[in-house]
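Have a look at the structure below, then the notes.
Since we're looking at a predicted model, the values are computed, not measured. Side chains included, hydrogens not; waters and symmetry mates left out as well; all remaining heavy atoms used.
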Amino acid sequence: MAMQVSKKSRLAAPSALLLLLVVAALLPPPRAEAGHDGAGGDDEPPPTPCSPADRAALLGFKAGVTVDTTGILATWDGGDDCCGAWEGVSCDAATGRVVALQLEAPPLPPPRRSYMEGALSASLGGLEFLETLVIRDMARIGGAIPASLSRLSRLKQLYLEGSMLAGGVPGSVLSGMASLQYLSLAGNRFEGKLPPELGSLPGLVQINLSGNRLSGEVPPSFKNLSRLAYLDLSNNLLSGAIPAFFGQQLKSLAMLDLSNNGFSGEIPASLCGLRNLTDLSLRHNKLTGVIPSQIGSISSLNSLSIDSNLLVGSIPESLFGLQKLWNLNLSRNGLSGSLPPGIRHGLPSLVSMDLSHNHLVGGIDHFFRSISPARRLTKNASSDMSVIFLPRQLQHLDLSKNSITGALPEFGAGASLRWLDVSGNAIGGQIPSSVWRLVGLQRLDISRNKIRGTIPASMAAMASLRWLDISGNALVGRIPDSFARMARLRHASFRGNKLCGKIPQARPFNLLPAAAYAGNLCLCGKPLPPCRQI
């Protein structure tokens, strides 16, 4: 039987419901069961206020800073809770202890620069729960690293970069940081030897001591750093041989930068056993001998820079099997032998190659030669089948100041190429009319060769070109009037050829110095004297 509700009951129901809602609103919310989250659960407990000891240590650091143009320390207003609004300070919510201090100068438009001036206070050693200490690009923080920092046994990351810290790198202080994994003192004024005590910190993953005034040899104790993945000792005054143990014991190395030092001797063949190495820079040292023939074994290599040394011999063939290599710089050595053939068939990831200032020989057409797959199927293709298709990702190619011969090839494609320099060789032939296909080219330097013929008018289609140097050749004819359309060109040199006729009267050609046209037959028009009326 269906329940019948009286009219009186139906009228009373809304009032009763309203009463229940009011009562429910006044009652406290039900407690959530342990281990459950969601709506209706307890709010997070308020964070524990900053430890008074840590607050005092931070104020001690602030007192050591005499000038602060960054505005960071203005937020350290002396309030009780340094874990709240103090910029750069992070705390453990449960204990209120400071676990991170990260102070980085905010960037400003040049030449302006924000900075802090002063010294590192010994009070920082009182932050005994600190795990991260970063003071970066403050420019004018000077003095030594306080000995009290050796008490930071929980510290995992120490970055004191881009300032004026001086003295020796304090090995006895750093060795007390038993948990240290990441160390960077780059861009300061440290001098003296590399501290052997660093070898007692086997947990180190990164060491960056670049941009200082450190001298001497790499300590043998560094062979204990088996977890080290990143080692940057560049831009110092270090000397001696590159230790063979780098390749024997430091198997985790992924980045090794020893550039701009005074290292001597040969490149250790053991480096070729570093299977995780992606970036190797030994540039600007005094290294001798040959490039190890096993260099191609470093299959993970992305960047190889060993320019500006005293290396001799030929370029190892194995190098051109590095499938991931995008940057190769072997310039300014004494390398000899033939140019490696078939750039398209090796180094498929190559973006930048610099082989300049060596003694390499061979034909440049042999270096570039590559048969387009599409042309193989064409019945009427020319007999030599050499329209050149540059690797699509190649942006920078410098072969200048060698002994390269041959003629520049016809170009089929090269939209990514931004820089092409083959100056200072013995290249002959003519400027190929197809050079216009290098539509992204910004710099073209074919100066000081033996190139003859006329300047192709089609070059005016190279709309991205900013630098053009075709001086010191045997070019004849005139500078094409179509060049007036090259609106982005900022530098050009035509000197030392056999050119004649009127210079295009458009920027920049009529504004270049007269020296840019010197040594030709009969060029005229601004900036040279006016052309004679016939």
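- Atom NZ of Lys526 is separated from atom CD of Gln505 by 7.0 Å, given to the nearest 0.5 angstrom.
- The backbone N or O of Leu350 sits less than 3.5 Å from a side-chain atom of Gln393, completing a donor-acceptor pair.
- Contact check for Leu489 versus Trp467: no side-chain heavy atoms found under the 4.5 Å cut-off.
- Within the model, atoms OG of Ser416 and CG of Leu441 stand 11.5 Å from one another, a figure rounded to the nearest 0.5 Å.
- Counting only distance, with no hydrogens or angles, the side chain of Asn188 and the backbone of Ser163 share a donor-acceptor pair below 3.5 Å.
- In this structure, the side chains of Leu194 and Leu209 come closer than 4.5 Å at one or more pairs of heavy atoms.
- A donor-acceptor pair is defined here as one N or O able to donate and one able to accept, closer than 3.5 Å; such a pair exists between the side chain of Asn425 and the backbone of Asn402.
- When side chains are defined from C-beta on, Met138 counts as touching Leu103, because their heavy atoms get closer than 4.5 Å.
- For the atom pair Ser259 OG and Asn309 CG, the distance stands at 10.0 Å (nearest 0.5 Å).
- For the pairing with Phe190, the side chain to side chain contact (heavy atoms under 4.5 Å, CB included) check across Leu160, Leu214, Asn236 returns one residue only, Leu214.
- Contact annotation: the side chain of His491 never approaches that of Arg466 to less than 4.5 Å [non-hydrogen atoms, C-beta and beyond].
- Between the side chain of Asn212 and the backbone N or O of Glu191, no donor-acceptor pair lies under 3.5 Å.
- Judged by distance alone, with hydrogens and angles left aside, the side-chain atoms of Asn520 form a donor-acceptor pair with the main-chain N or O of Leu499 at under 3.5 Å.
- With rounding to the nearest 0.5 Å, the separation of CD in Gln294 from OG in Ser270 is 9.5 Å.
- Side chains of Asn329 and Ser305: a donor-acceptor N/O pair is absent below 3.5 angstrom, by distance only.
- The distance from atom CG of Leu322 to atom CD1 of Ile295, rounded to the nearest 0.5 Å, is 7.0 Å.
- With contacts defined as side-chain heavy-atom distances shorter than 4.5 Å, the pair Leu253/Tyr230 does not qualify.
- Side-chain polar atoms of Ser434 and Glu410 form a donor-acceptor pair below 3.5 angstrom.
- Within the 3.5 Å criterion, the main-chain N or O of Lys193 finds no donor-acceptor partner in the side chain of Ser215.
- Within 6.0 Å of the NZ atom in Lys324, the count of heavy atoms belonging to other residues, nucleotides or ligands does not exceed 12.
- The shortest distance between side-chain heavy atoms of Val476 and Lys498 falls below 4.5 Å.
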Review point. Given Leu335 and Leu355, is the side-chain contact (heavy atoms from CB on, under 4.5 Å) satisfied, shown in steps?
Key: CA-CA 9 Å; Leu335 299 175; Leu355 306 181; over 6 Å; no
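- Ser458 places a side-chain N or O within donor-acceptor distance of the main-chain N or O of Ser433, the cut-off being under 3.5 Å.
- The main-chain N or O of Arg488 is found under 3.5 Å from a side-chain atom of Arg490 such that the two form a donor-acceptor pair.
- Around atom CZ of Arg332, no more than 12 heavy atoms belonging to other residues, nucleotides or ligands sit under 6.0 Å away.
- Residues Asp445 and Leu420 are not in side-chain contact: their nearest non-hydrogen atoms beyond the backbone lie 4.5 Å or more apart.
- Only one option out of Ile404, Asn358, Thr405 pairs with Leu339 in a side chain to side chain contact (heavy atoms under 4.5 Å, CB included); it is Ile404.
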Point to revise | CA sep, side-chain torsions, deciding dist, call: Leu310, Leu287, side-chain contact (heavy atoms from CB on, under 4.5 Å) | key: CA-CA 6 Å; Leu310 303 171; Leu287 300 174; over 6 Å; no
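- At least one side-chain heavy atom of Ile291 sits less than 4.5 Å from a side-chain heavy atom of Leu311.
- Listed by first then second residue, pairs satisfying salt bridge (charged side-chain N to carboxylate O under 4.0 Å, His left out) with a partner in residues 266-288 read Arg283-Asp307, not counting sequence neighbours.
- With respect to Glu117 and Arg140, a salt bridge is recorded, a charged nitrogen being found less than 4.0 Å from a carboxylate O.
- When all heavy atoms are compared, the tightest approach of Asn276 to Ser300 is C-OG, 3.3 Å.
- The backbone N or O of Val361 lies less than 3.5 Å from no partner atom in the side chain of Ser338, so there is not a single donor-acceptor pair.
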Check your understanding: Trp419 and Asp398: side-chain contact (heavy atoms from CB on, under 4.5 Å), yes or no, with the steps?
Key -> CA-CA 8 Å; Trp419 179 304; Asp398 192 341; 4.2 Å; yes
Practice item. Start with the C-alpha gap between Val351 and Leu394, add the side-chain angles, then the distance that decides, and say whether side-chain contact (heavy atoms from CB on, under 4.5 Å) holds. Key: CA-CA 4 Å; Val351 173; Leu394 186 64; 5.8 Å; no
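- Between Ile242 and Leu282 the shortest heavy-atom distance is CD1-CD2, 4.0 Å.
- Distance check: Ser299 OG to Leu277 CG gives 10.5 Å after rounding to the nearest 0.5 Å.
- Within the 3.5 Å criterion, the main-chain N or O of Asn302 finds no donor-acceptor partner in the side chain of Asn327.
- Here the closest non-hydrogen pair linking Pro195 and Val169 is CG-CG1, 3.6 Å.
- Between Ala244 and Pro268, the closest heavy-atom pair is CA-CB, 4.2 Å.
- Shown here for Ala407 and Gly429, the closest heavy-atom pair between the two residues is CB-CA, 4.0 Å.
- Using bins of under 30°, 30° to 60° and over 60° for the plane-to-plane angle, the ring pair Phe509/Phe483 lands in the tilted bin.
- Smallest separation of non-hydrogen atoms from Met116 and Leu73: CE-CG, 3.7 Å.
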